[in-house]
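Heads up, the thing below is written out as structure tokens.
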Amino acid sequence: MPLVNTKKMFEMAYKNGYAVGAFNVNNMEITQGIIDAVAEEKAPLILQISRGARDYAKISYLKGIINVVVEENPDIPVSTHLDHGDTFETCKQFVDDGFTSVMIDASSRPFKENIEITKRVVEYAHPRDVCVEAELGQLGGIEEDVVGVDDVSKHIADPNQAVEFVEKSGCDSLAVACGTSHGAYKFKSEPKLAFDVIQGIGERLPGFPLVMHGSSSVLKEFVDLINKYGGKMPHAMGVPEESISKAAKMAICKVNIDTDLRLALTAKIRQVFAEKPSEFDPRKYLGPGREAIKEMVRHKLHVLGCAGKAGECL
Ligand code: G3H
Ligand code: 13P
Ligand code: ZN
């Protein structure tokens, strides 16, 4: 079994008021940290790969690592997901490569075009038992390969459009822009999410799973450690964890987290370098980094409410 698509996971998450964590992977240590946490906490898991991750680590290496994760954890349902696929061709490639879920992010295109591209991906993915996530509205923030809008509040998803979008495109889940953004600098002042948008779409599309991107909380403890050990991340700010938990109890069934893993890894490596300046064995700093990722993910699984839910998603 347990390489699965996201259908059952989302069905259970929606019904039982939690969200499944979708964690970005870029190398072996990050993947191991995630799976160690999930195996201990018995949670369902979505491992996602961005185009940036693919270009960095090569898909064959990442697939090899993920295959081991799946083989060694028969009681954990794992879905492998393309994060922010930009074209039909990229999505097709990931479907052909055996991924169980793909995101087509045509959210920067006009509404009709977004529907058409998404529909084309759905028509290719569904006969192959692969789920499709689409996006409506636009997120802010700047990632390596994902450039968002500057003023997030102007690009919030429209609940009425969401209904038309889902009906016409046939997508399985929808990422909705609701005030979050990618990266470590999400808000300039008080963090605020558009819960009315989540609520509005939830009411219009009962039972339909929504996705929240840009969901890292940028925990102060980790930013402080980075700054203490020579980093420079002033004014970093994320989504408060209470807001994530609240959204997870609503129609949000998948929560994307990357930045918080990066912060945990970076903080730990900086600490080792600062405290042991003579250290040059990569295992001595990547090892503690991997442990920091594990603790971060364990914590997140409780924030999302999916700890202990692996069994019901199989
Ligand atoms: O959505 C963005 C993710 O954090 C992936 O970032 O494109 O730098 O790999 P990346
Ligand atoms: P963060 O940058 O908040 O971790 O968001 C990650 C994400 O949305 C990946 O698609
Ligand atoms: Zn994203």
Side-chain angles (χ1 to χ4, degrees), residues 6 19-27 30-31 33-34 45-59 61-62 79-87 90-91 94 99 101-108 132-149 152 155 157 173-187 191 193 210-220 222-223 226 233 236-241 243-244 247-248 252-267 292-293 296-297 299-301 303-304:
T6 51
V20 180
F23 300 100
N24 287 72
V25 297
N26 288 278
N27 68 8
I30 294 173
T31 316
I34 296 168
L45 172 65
I46 299 170
L47 286 174
Q48 54 186 16
I49 293 180
S50 68
R51 285 174 289 128
R54 177 196 61 184
D55 296 345
Y56 170 75
K58 291 202 178 76
I59 206 72
Y61 285 80
L62 292 173
S79 170
T80 49
H81 175 76
L82 162 66
D83 191 26
H84 293 285
D86 55 341
T87 60
T90 307
C91 293
F94 275 76
F99 279 65
S101 171
V102 292
M103 175 190 193
I104 173 70
D105 179 359
S107 58
S108 60
V132 177
E133 174 184 327
E135 179 165 324
L136 195 60
Q138 278 182 271
L139 268 78
I142 295 172
E143 295 289 320
E144 190 184 318
D145 250 0
V146 182
V147 180
V149 291
V152 190
H155 299 268
S173 61
L174 187 63
V176 289
C178 58
T180 65
S181 55
H182 293 114
Y185 304 91
K186 299 186 191 298
F187 303 97
L193 295 194
L210 303 182
V211 178
M212 199 155 98
H213 282 245
S215 304
S216 281
S217 299
V218 189
L219 298 163
K220 187 176 177 314
F222 293 87
V223 175
I226 289 173
M233 297 192 68
M237 200 192 290
V239 184
E241 288 189 332
S243 299
I244 301 288
I252 299 289
C253 294
K254 170 175 179 271
V255 164
N256 285 16
I257 297 174
D258 186 2
T259 295
D260 280 341
L261 306 188
R262 296 178 180 195
L263 293 174
L265 183 63
T266 302
I293 297 247
M296 178 63 81
V297 173
H299 170 68
K300 293 290 169 184
L301 299 174
V303 172
L304 301 178

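One is the number of the first residue; the rest follow in order along the sequence. Atoms within each ligand, like the ligands themselves, are counted from 1 in listed order.
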How many degrees, to 10°, between H182 NE2 and H84 NE2 as seen from the Zn ion (ligand 3)? 100°
Heavy-atom closest contact (A248 atom, L304 atom, distance): CB-O, 3.8 Å
Note: N256, heavy atoms under 4.0 Å from ligand 1, region reported as neither
How about I34 and L47: do any of their side-chain heavy atoms sit closer than 4.5 Å? yes
Any side-chain heavy-atom pair of M237 and K220 under 4.5 Å: no
T259 contact mode with ligand 2 (heavy-atom cut-off under 4.0 Å): both
CG/D260 to CE/M296 distance, rounded to the nearest 0.5 angstrom? 4.5 Å
May I ask you to list the atoms of ligand 1 that are less than 4.0 angstrom from any heavy atom of D258? 3 (C), 4 (O), 5 (C), 6 (O)
A side-chain contact here means heavy atoms from C-beta on lying under 4.5 Å apart; do M212 and I244 qualify? yes
Non-hydrogen atom of R262 closer than 4.0 Å to ligand 1: yes
Ligand-residue contact atoms, ligand 2 with I257, heavy atoms, under 4.0 Å: 4 (O)
To the Zn ion (ligand 3), the closest N, O or S atom belonging to H213 is ND1
Hey, which atoms in ligand 1 end up nearer than 4.0 Å to a heavy atom of N24? 3 (C), 5 (C)
Of Q48, H182, E135, which has the heavy atom at the shortest distance from atom 7 (C) of ligand 2? H182
Starting at CD1 of I293, measure out to CG of L265 and round the result to the nearest 0.5 Å. 4.5 Å
Candidate list D258, I257, T259, test side chain to side chain contact (heavy atoms under 4.5 Å, CB included), partner N24, passing option: D258
Is there a heavy atom of K186 sitting under 4.0 angstrom from any atom of ligand 2? yes
N/O of D258 under 3.5 Å from N/O of ligand 2, yes or no? yes
Part of T259 with heavy atoms under 4.0 Å of ligand 1, whether side chain, backbone, both or neither: neither
Minimum side-chain heavy-atom gap I59-F94 below 4.5 Å: yes
State the CD1-CD distance between I46 and E133, to the nearest 0.5 angstrom. 8.0 Å
Student check: side-chain heavy atoms of L263 and M233 closer than 4.5 Å: yes
Just heavy atoms, cut-off under 4.0 Å: does H84 contact ligand 1 by side chain, backbone, both, or neither? side chain
Atom CG of L62 and atom CG of N26: how far apart are they, to the nearest 0.5 Å? 7.5 Å
Going by the order shown, which atoms of ligand 1 are within less than 4.0 Å of some heavy atom of D83? 1 (O), 3 (C)
Below a 4.0 angstrom heavy-atom separation, can you tell me which part of A184, side chain or backbone, both or neither, approaches ligand 2? neither
Taking non-hydrogen atoms only, is Q48 closer than 4.0 angstrom to ligand 1 via side chain, backbone, both or neither? neither
By number and element, which atoms of ligand 2 are closer than 4.0 Å to a non-hydrogen atom of H84? 10 (O)
I'd like to check which ligand 2 atoms, numbered from 1 as shown, lie under 4.0 Å from a non-hydrogen atom of H213. 8 (O), 10 (O)
Side-chain heavy-atom pair Q48, L82 within 4.5 angstrom cut-off: no
Give, for atom NZ of K300 and atom CG of L261, the distance between the pair rounded to the nearest 0.5 Å. 8.5 Å
Examine G214 against ligand 2 and note whether any of their N/O atoms are separated by less than 3.5 Å. yes
Quick one: which ligand 2 atoms are inside 4.0 Å of a heavy atom on G183? 2 (O)
If you measure every N or O of N24 against every N or O of ligand 2, does any of those distances drop under 3.5 Å? no
